[in-house]
Amino acid sequence: MSALVIATYRHRMRIALADGTEADAGIRGKSLQPVCGDVVDARPKDGEAEWLITAIHERTNSLTRPNQRGSVEVLAANVDVLVVVAAASPTPDWFVVDRYLCAAELMDADAVLVFNKADEPAPEGTDAVLDVYRGIGYPVLATSIVTGAMLAELRAAIGARTAIFVGQSGVGKSSLINHLSAPSQQKTADISKKTGEGRHTTVNSMMLPLEGGGAVIDSPGVRDYAPAFGSAKDVERGFREMHAAGAECRFANCLHLREPGCAVQAAVVSDNIDGRRYESYRRAIRLMQRLTDRYR
């Protein structure tokens, strides 16, 4: 029968059956690699409480990254909304934020940018950066578990859909999910005083239901991330303002780096495209090229 993968534990899964009951499940064969959000076929093992996943249904989309072998690793599937979380602490890495937003564009998923811990002093320039994202068209919510700021707006942005919370370690993803879900199930941890970086508190991906419908997937925090770009055009499509301006370039295969007649470079010069976002695009192009060369 069909089931939904709601948690992953290395080679073990937790699945939700159609009647609402949950069960632990193993995987038949090494070729199957279910992830949180997958709809799968599963059957009970004879004489055991554990079930066996036998097939994965076709995915509507997937959140990916390249692994160390140059292959595409799927992190989650069938996601409607990417909630990209940055925070006043640890110091935001806006290049990681950009790459998650790229992933949302490539998945055809909605994206919401959450700036958490809004009750704390933010690094200088944060408001200007957030205004850039607003200008591009991304919803930006400044949230705080302490004051309750914009938590209702965050819940409304998810609605009855499936969302995944992504971002650096320590930005408060699990704390936000604790507030949204009932009952609270996720572990949280303070920022490491020694390194200033967040401790990893979500070892495995887990989907939690929301009151009133919808669900959230809590994913492990990262210190870096990039989607599995297949081509330079994927990188361009991931930056929606570059993609829009690129339609006016002289050459259809323009990389927007040094080519003559490049509308994207012209838009950067005229401040119609933010310079830091353009640098983020350039870094993503270079990363894609390095990975292509390495595993060619």
Side-chain angles (χ1 to χ4, degrees), residues 35-37 62-65 73 75-76 79-107 109-120 122-123 125-126 129-130 132-134 136 138-146 149-151 153-155 157-158 162-181 186-192 195-208 215-228 238-239 276-277 280 283-284:
V35 296
C36 206
S62 56
L63 177 64
T64 66
R65 68 182 177 192
E73 180 182 358
L75 304 177
V79 175
D80 301 308
V81 187
L82 256 72
V83 179
V84 185
V85 185
S89 60
T91 302
D93 187 334
W94 299 115
F95 296 105
V96 170
V97 169
D98 288 337
R99 292 173 187 177
Y100 275 120
L101 294 176
C102 281
E105 299 293 333
L106 297 178
M107 295 168 62
D110 289 339
V112 177
L113 175 55
V114 168
F115 187 74
N116 196 29
K117 307 182 187 179
D119 55 289
E120 299 179 9
T126 295
V129 175
L130 296 178
V132 168
Y133 289 114
R134 292 186 182 98
I136 298 168
Y138 290 109
V140 177
L141 303 177
T143 59
S144 169
I145 294 295
V146 175
M150 305 205 80
L151 297 178
E153 289 84 348
L154 175 57
R155 177 65 186 92
I158 297 170
T162 298
I164 183 169
F165 279 53
V166 295
Q168 295 167 258
S169 299
V171 294
K173 299 187 300 296
S174 294
S175 295
L176 290 169
I177 291 174
N178 277 346
H179 178 85
L180 296 175
S181 62
Q186 298 297 80
K187 297 178 181 178
T188 61
D190 295 332
I191 300 298
S192 167
T195 66
E197 297 177 331
R199 298 189 181 98
H200 293 264
T201 58
T202 306
V203 178
N204 309 102
S205 295
M206 179 178 294
M207 179 185 292
L208 299 171
V216 293
I217 299 173
D218 191 7
S219 65
V222 301
R223 292 185 177 89
D224 198 6
Y225 168 78
F239 288 80
R276 192 208 59 79
R277 279 275 292 177
S280 188
R283 292 188 186 190

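Heavy-atom minimum distance, Ala122 versus Ala88: CA-CB, 4.2 Å. Taking all atoms of both residues into account, the shortest heavy-atom contact from Ser205 to Ser219 is OG-CA, 4.2 Å.
Between Leu180 and Phe165 there is a side-chain heavy-atom pair separated by less than 4.5 Å. The shortest distance between side-chain heavy atoms of Tyr138 and Val84 does not fall below 4.5 Å. Side-chain contact between Asp110 and Val112 is absent, with no heavy atoms from C-beta onward closer than 4.5 Å. Counting heavy atoms from C-beta on, the side chains of Thr162 and Met207 come closer than 4.5 Å. At least one side-chain heavy atom of Arg99 sits under 4.5 Å from a side-chain heavy atom of Asp224. Two residues are said to be in side-chain contact when any heavy atoms from C-beta on lie closer than 4.5 Å; Asn116 and Val171 fail this criterion. Side-chain atoms of Leu151 and Ile145, non-hydrogen and from C-beta on, do get closer than 4.5 Å to each other. Side-chain contact between Val129 and Phe115 is absent, with no heavy-atom pair separated by less than 4.5 Å.
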Just do the salt bridge (charged side-chain N to carboxylate O under 4.0 Å, His left out) check on Asp98 and Arg277 with the steps written out, would you? CA-CA 8 Å; Asp98 288 337; Arg277 279 275 292 177; 2.8 Å; yes

Please evaluate residues Tyr100 and Val85 with respect to the criterion side chain to side chain contact (heavy atoms under 4.5 Å, CB included), reporting the C-alpha separation (whole Å), side-chain torsions for both, the decisive distance (0.1 Å), and the verdict. CA-CA 10 Å; Tyr100 275 120; Val85 185; over 6 Å; no

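For the atom pair CZ (Arg223) and CG (Asp93), the distance works out to 12.0 Å, reported to the nearest 0.5 Å. With rounding to the nearest 0.5 angstrom, the CG atom of Leu82 is 11.5 Å from the CG atom of Leu113. If you take SG on Cys36 and CE on Met206, they are separated by 8.5 Å, rounding to the nearest 0.5 Å. Leu154 contributes atom CG, which lies 6.5 Å from atom CG of Leu176 (distance to the nearest 0.5 angstrom).
A donor-acceptor contact shorter than 3.5 Å links the side chain of Lys173 to the backbone of Gln168. Listed for the Ser144 side chain is a donor-acceptor partner under 3.5 Å among the backbone atoms of Val146.
Within a 6.0 Å sphere centred on CZ of Arg155, other residues, nucleotides and ligands contribute more than 12 heavy atoms.
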